Structures are given as structure tokens and as C-alpha cells.
Amino acid sequence: NAYIPIPGDKVTIGYGSTTYEDGSKVKMGDKITRQKAEELLGNKVNMFERQVKSCVKVPLAQNEYDAFVSLTYNIGGQAFCSSTLVKKLNTYDYEGACNEILKWDKFRGKPLPGLTKRRQQENKQCLGV
């Protein structure tokens with residue numbers, strides 16, 4: 001069932017999708033099966049992987065790549081590619097780029113505990129700790 005994960009946020013379905021493959025927006029009342037949710041997740045991950053690859057110009061270890069794709073899934077490709085994180089990464093500042101992940105824990109300018117925890121996990125994954 002479609003839901004709003006945070007009051008005031010976008011309507012979401014499955015594993016955090018706000019749109020379907022055709023670009024249409026998820027609406028309250030929408031329902032999908034677990035299989036459809038997993039298909040949608042796979043398609044979205046593939047899209048975000050392409051976006052990460054399009055703007056990252058340096059080699060990545062698997063743990064770094066996975067952390068950046070996870071972040072991009074949440075913040076979007078445009079935000080990721082135009083971020084200070086990518087600027088640092090493309091100058092081979094891997095540690096600085098990984099630490100930039102921690103700054104993406106806000107919703108409407110205020111930190112959210114769930115986002116803070118997710119960013120801390122992505123940061124550790126990125127750093128390989």
C-alpha cells in the first residue's frame with residue numbers, strides 16, 4: 001500500500017519509490033504486490049547506478065560504490081551528481097567524499113533520526129569499517 005514515510009513527504013510505495021517505471025507518481029490508495037515492489041526496486045537501482053557512473057570519474061571500491069548508490073537512491077541522481085561529495089570524490093578525496101554522506105540527514109532543513117542512522121551506516125560502508 002502507498003504511504004507517506006514522513007509527514008509532509010512524497011507518497012511512497014514498495015521500497016521507497018515515489019514514481020513508477022513510466023514516470024507516473026505514486027498516489028495514496030495505490031497497491032502493488034511484493035514481486036512488483038521488488039521489480040520496481042531493481043529498475044530504480046539500475047537507474048541510480050547509471051547516474052552514479054555518469055558523474056563519478058574515479059575508480060571505486062565495491063563498498064564505496066554501494067554506499068553512493070544507496071545515497072543516490074534516496075536523494076536522487078541530480079542532487080548526487082551536483083554535490084560537494086562528487087566534487088571531492090573526483091579529486092580522489094575518498095575519505096572526504098564518504099564523510100559528505102553524513103550531511104544528507106535532513107528533511108526540510110531538520111535532521112531526522114532515521115535518516116541520520118541511515119547516513120551513518122552508508123558512511124561506515126563507504127569507509128569500509
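Not measured: the values here are computed from a predicted model.
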Sequence neighbours excluded and cut-off under 3.5 Å, please list the side-chain donor-acceptor pairs for residues 23-32, or say none.
| unit_1 | atom_1 | unit_2 | atom_2 | d |
| --- | --- | --- | --- | --- |
| Ser24 | OG | Asp22 | OD1 | 2.7 |
| Asp30 | OD2 | Tyr20 | OH | 2.7 |
| Asp30 | OD2 | Lys27 | N | 2.9 |

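Using a cut-off of 4.0 Å between Lys/Arg side-chain N and Asp/Glu carboxylate O, Arg34 and Glu38 are scored as salt-bridged. Taking 4.0 Å as the cut-off between side-chain N and carboxylate O, Glu39 and Lys44 do not count as a salt-bridged pair.
Taken from CD in Glu100 to CD in Glu95, the straight-line distance is 12.0 Å, to the nearest 0.5 Å. Expressed to the nearest 0.5 Å, how far CG of Asp66 lies from CD of Gln62 amounts to 4.5 Å. For the atom pair Lys117 NZ and Gln120 CD, the distance stands at 9.5 Å (nearest 0.5 Å). Taken to the nearest 0.5 Å, the SG atom of Cys55 stands 7.0 Å off from the CG atom of Asn90. Once rounded to the nearest 0.5 Å, the distance linking CD of Glu122 with CG of Asn63 reads 12.5 Å. Rounding to the nearest 0.5 Å places CG of Asp93 at 11.0 Å from OG1 of Thr84.
Contact check for Lys10 versus Ile4: no side-chain heavy atoms found under the 4.5 Å cut-off. Side-chain contact between Tyr3 and Val11 is absent, with no heavy atoms from C-beta onward closer than 4.5 Å. Side-chain contact between Asn99 and Leu127: present, with at least one pair of heavy atoms (C-beta onward) separated by less than 4.5 Å. Between Leu112 and Asp105, every side-chain heavy-atom pair lies at or beyond the 4.5 Å cut-off.
Chaining together hydrophobic side chains whose heavy atoms lie under 4.5 Å apart places Tyr94 alongside Tyr15, Leu41, Val45, Met47, Phe48, Val52, Val56, Val58, Leu60, Tyr65, Phe68, Val69, Leu71, Tyr73, Ile75, Phe80, Leu85, Val86, Leu89, Tyr92, Ile101, Trp104.
Taking each heavy atom of Pro5 and Thr12 in turn, the nearest pair found is CD-OG1, 3.4 Å. Taking both residues in full, the closest heavy atoms of Gly14 and Ala37 are given as CA-CB, 3.9 Å, listed atom of the first, atom of the second, then distance.
The backbone N or O of Lys88 sits less than 3.5 Å from a side-chain atom of Thr91, completing a donor-acceptor pair. At distances below 3.5 Å, not a single donor-acceptor pair connects side-chain atoms of Asn123 with backbone N or O atoms of Leu102.
For the side-chain hydrogen bond (donor to acceptor under 3.5 Å, both in side chains) test, no residue two or more places apart in sequence or in another chain qualifies with Gln125.
Heavy-atom contacts from other residues, nucleotides or ligands closer than 6.0 Å to NZ of Lys106 number more than 12.
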Q: Apply the test side chain to side chain contact (heavy atoms under 4.5 Å, CB included) to residues Arg118 and Ser70: give CA-CA distance (whole Å), side-chain angles for both, the deciding distance (0.1 Å), then the verdict.
A: CA-CA 9 Å; Arg118 180 174 175 172; Ser70 177; 3.9 Å; yes

